[in-house]
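Here the structure is laid out as structure tokens; the discussion comes afterwards.
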Amino acid sequence: MFNKVIVLATHNKHKLEEFREIMVPHGFTIYGENDLNLEKDEPKEDGSTYEENAYIKAKSLQKYVKYPVIADDSGLEIAALNSFPGLHSARFASTFKSYHDAQLELIRRLENQKNREARFVSVICLLDPNSQKPLFFRGVAFGYILEEPKGDYGFGYDPIFHSYEKDLDWGLAKKEEKDAISHRRKAIDQLILYFAI
Ligand code: ITT
């Protein structure tokens, strides 16, 4: 049976869970960086694109493992806020006591805004020992920002996002419902195809 081992460069346990939920049924074994107990410096995510940051994270792990390494850089882009918080999604949240507070602040910034369009973006960088170059896979999920947070499923900004696809509030969505349509799912589908060729 097909079994492909991949290491995911992340400290975000929710991301790791989502990669496993989606990829394990396709015959992948996914180790998270934290499973390896490495003593390594944390890379500075100072790229100006998701691609650059995903590459920085994957590259920082590559020399420690013989398996293909992947990293996901992702964010929530709100149209009326010029795509903010986008690349800064994790950093923006870290300036608040909780994700709930960060969610409320984004909602506050949209007060009196008719346009609540938003999208989640995920870019996966793959460093495959069989490939000379880094490979990138991008997924996008389109929707809008709710008037108030709903539910507490998922993680990060999920409770303020409503996706057009399946008409779904992500804070109320079960894992398998979000996994079927998420930005990460769309990027992962391409990654799975790469290994199928
Ligand atoms: P790693 O860098 O260790 O992977 P991180 O959480 O810092 O973990 P990012 O730098 O890619 O990851 O930041 C992405 C942020 O965007 C993440 O922390 C969430 O706040 C948000 N985000 C990304 N995907 C999300 C999702 O599916 N649902 C809700 N929020 C998400």
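This structure is a prediction, so every number in the text was calculated from the model and none was measured. Whatever order the structure lists them in is the order used to number ligands and atoms, beginning at 1.
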Using a 4.0 Å heavy-atom threshold (strictly under), name the region of [X] that reaches ligand 1: side chain, backbone, both or neither.
X      : value
Phe161 : neither
His14  : neither
Phe120 : side chain

Polar side-chain atom of Thr10 near backbone of Leu16 as donor-acceptor pair, under 3.5 Å: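 Side chain of Thr10 to backbone of Leu16, a donor-acceptor pair under 3.5 Å: no, none is there.
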Tell me if a side-chain donor or acceptor on Asn53 pairs with a main-chain N or O of Tyr50 at a distance below 3.5 Å.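 Not a single qualifying donor-acceptor pair exists.
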Among all protein non-hydrogen atoms, which one is nearest to [atom], and what is the separation to 0.1 Å?
atom                    : result
atom 13 (O) of ligand 1 : Ala90 CB, 3.4 Å
atom 2 (O) of ligand 1  : Lys57 NZ, 2.8 Å
atom 6 (O) of ligand 1  : Asn12 ND2, 2.9 Å
atom 23 (C) of ligand 1 : Ser74 OG, 3.2 Å

For the hydrophobic clusters of this structure (ILVMFWY residues joined by side-chain heavy atoms under 4.5 Å, transitively), does one cluster hold both Leu106 and Leu87?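 Result: no, two separate clusters.
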State plainly whether one hydrophobic cluster holds both Ile160 and Leu104, where clusters connect Ile, Leu, Val, Met, Phe, Trp and Tyr through side-chain heavy atoms under 4.5 angstrom apart.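 Unlinked, Ile160 and Leu104 end up in two clusters.
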Numbering the atoms of ligand 1 from 1, which are under 4.0 Å from a heavy atom of [X]?
X      : answer
Lys178 : 26 (C), 27 (O), 28 (N)
Tyr99  : 17 (C), 18 (O), 19 (C), 20 (O)
Ser89  : 15 (C), 16 (O)
Asp73  : 9 (P), 10 (O), 11 (O)

Could you tell me whether some N/O pair between His183 and ligand 1 is separated by less than 3.5 angstrom?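 So ligand 1 has an N or O lying under 3.5 Å from an N or O of His183.
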Considering only NZ, NE, NH1 and NH2 on the basic side and carboxylate oxygens on the acidic side, decide whether Glu105 and Arg108 come within less than 4.0 Å.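 Yes.
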Is any side-chain N of the basic residue among Arg185 and Glu165 closer than 4.0 Å to the acidic one's carboxylate O?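 Salt bridge flag = no for Glu165 with Arg185.
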Passing candidate, side-chain contact (heavy atoms from CB on, under 4.5 Å) with Glu42, options Lys44, Lys40, Glu45: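 Result for side-chain contact (heavy atoms from CB on, under 4.5 Å) with Glu42: Lys40.
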Can you find a side-chain donor-acceptor pair between Tyr64 and Glu39 that sits under 3.5 Å?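 Checked: Tyr64/Glu39 side chains show no N/O donor-acceptor pair below 3.5 Å.
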